[in-house]
Amino acid sequence: MRIATWNVNSLRSRIDRVEALLDRHEIDVLALQETKAREDQLPLMGLEARGYDVAAVGVDQWNGVALISRVGLDDVEVGFPGMPGWGDPVAPEARAIGAICGGVRIWSLYVPNGRKPGDPHYVYKLDWLARLRDAARAWRDTPTALVGDWNICPTDDDVFDVTRFLTSTHVTPPERAAFQAFLDDGWLEVTRAHAPGFTYWDYYRQRFERDRGLKIDFVVATPALAERVTGAFIDREERAGQGASDHAPVVVDLEGRADAT
DNA sequence: ATGGTCGTCATACGA
């Protein structure tokens with residue numbers, strides 16, 4: 001089974017790229033973030049014609065996440081238990097959606113950005129991650145993957161120039177501790193070993209052309225699921241050229257049939 | 001310290 005995660009930065013503006021991505025890599029399950037659309041706005045015909053089911057949540061242009069699967073899409077959950085709310089205009093339910101796809105529970109997650117250390121959004125980010133960790137502890141007995149835009153650079157190597165981030169989010173010790181807490185609970189990040197390099201490049205200043213990016217998109221898996229990972233790659237070509245998202249898709253291959261026990 | 005570029009909706013704001 002092949003799964004992928006991509007911060008698409010508007011699903012409506014890039015639906016053609018999503019369909020091409022699914023075709024190009026024969027993806028079974030695609031988790032999207034920053035869909036920036038309500039469910040009723042989504043153009044789904046091309047996806048359905050390809051045999052995919054879609055579960056999405058979004059409120060106006062804010063955030064939004066989705067799961068696209070051709071190996072089943074069952075027990076859909078919008079938001080995780082205990083997910084903290086932020087209130088208007090940011091809708092908390094638009095940051096997490098989970099479902100069982102091919103026997104694996106997959107969560108598409110859009111971790112809050114945080115804006116600036118000390119900002120209320122930063123406090124919210126840390127609280128959101130702490131509550132996700134709590135909820136995730138109940139999921140460790142079933143094959144589960146927490147995939148998406150974590151908005152954290154776990155190591156200095158995950159930043160093109162960490163000295164430029166001294167007053168920025170994504171690299172602060174509390175954020176890194178929040179990520180590490182999942183690993184301490186037994187979760188494993190399964191893409192790094194197979195797919196080095198960045199997953200996000202700012203639109204400013206030709207950051208992609210100069211490979212000045214961040215590694216912030218991850219697949220965090222339960223141990224049994226991590227053992228099934230046979231490979232992963234970052235589709236850097238998707239980030240090139242006009243009309244690209246500012247993130248590249250991350251693709252992961254899992255051993256075994258979609259319905260394998 | 002500032003500005004640069006996107007997407008969305010409306011010409012401001014979040015990333």
Side-chain angles (χ1 to χ4, degrees), chain A residues 5-21 31-44 56-66 84-96 108-129 147-153 158-172 175 178-179 198-218 234-250:
Chain A
T5 180
W6 189 23
N7 181 323
V8 69
N9 188 20
S10 168
L11 178 51
R12 282 175 293 169
S13 72
R14 271 180 267 281
I15 184 62
D16 53 340
R17 284 175 172 268
V18 168
E19 292 171 0
L21 181 79
L32 295 173
Q33 301 85 38
E34 284 209 78
T35 49
K36 295 187 174 179
R38 300 185 307 270
E39 295 160 72
D40 61 278
Q41 294 176 306
L42 295 182
L44 305 177
V57 61
V59 178
D60 297 329
Q61 74 269 41
W62 309 111
N63 311 316
V65 286
W86 175 252
D88 286 341
V90 180
E93 68 272 21
R95 291 189 178 275
S108 179
L109 303 172
Y110 179 46
V111 175
N113 174 285
R115 298 194 185 180
K116 280 288 175 188
D119 188 286
H121 288 80
Y122 176 83
V123 176
Y124 172 67
K125 178 180 191 174
L126 295 177
D127 184 42
W128 197 94
L129 286 162
V147 317
D149 179 356
W150 285 74
N151 269 319
I152 297 171
C153 300
D158 300 327
V159 192
F160 68 91
D161 181 357
V162 76
T163 66
R164 289 173 178 258
F165 282 72
L166 297 178
T167 62
S168 303
T169 56
H170 293 59
V171 300
T172 67
E175 290 168 282
F179 188 86
F198 303 132
T199 63
Y200 160 86
W201 300 260
D202 203 302
Y203 284 126
Y204 301 165
R205 298 185 171 214
Q206 297 183 304
R207 287 271 172 83
F208 177 71
E209 290 74 6
R210 298 188 292 158
D211 195 25
R212 297 169 74 80
L214 307 177
K215 193 176 190 67
I216 55 177
D217 298 274
F218 297 107
I234 299 162
D235 184 2
R236 289 176 60 101
E237 289 183 12
E238 177 56 50
R239 178 61 181 81
Q242 292 292 315
S245 168
D246 44 3
H247 293 248
V250 180

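We name chains A, B, ... by the order of the sequence lines, and we start the count at 1 in each one. What you see below is based on every heavy atom in this structure, not just the backbone, and it leaves out hydrogens, waters and symmetry mates.
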Check side chain to side chain contact (heavy atoms under 4.5 Å, CB included) between [X] and all other residues, then give those that pass, not counting sequence neighbours.
X      : answer
A:Q61  : none
A:S168 : A:K116, A:F165
A:D127 : A:P84, A:R131
A:K125 : A:V111, A:P112, A:L129, A:N151, A:I152, A:T169, A:H170, A:E175

- Task: Mind listing the residues from residues 158-169 of chain A sitting with a heavy atom below 4.0 Å of DNA chain B? Number order is fine.
- Result: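 Residues of residues 158-169 of chain A that come under 4.0 Å of DNA chain B do not exist, since none gets that close.
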- Task: List the atom of A:D158, the atom of A:C153, and the distance in Å for their closest heavy-atom pair.
- Result: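 That would be O-SG, 3.5 Å.
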Going by the rule side-chain hydrogen bond (donor to acceptor under 3.5 Å, both in side chains), which residues pair with [X] if we only count those two or more places apart in sequence or in a different chain?
X      : result
A:T167 : none
A:N113 : none
A:T5   : A:Q33

Euclidean distance for [atom1], [N] against [M] (whole angstrom):
N      : M     : atom1 : value
B:dT2  : B:dC6 : P     : 23 Å
B:dG14 : B:dG4 : C1'   : 15 Å
B:dA15 : B:dC9 : C1'   : 16 Å

- Assign a letter to each nucleotide of nucleotides 7-15 of chain B from its 5' end: B, base within under 4.0 Å of a protein heavy atom; S, sugar-phosphate only; -, no contact. SSS----SB
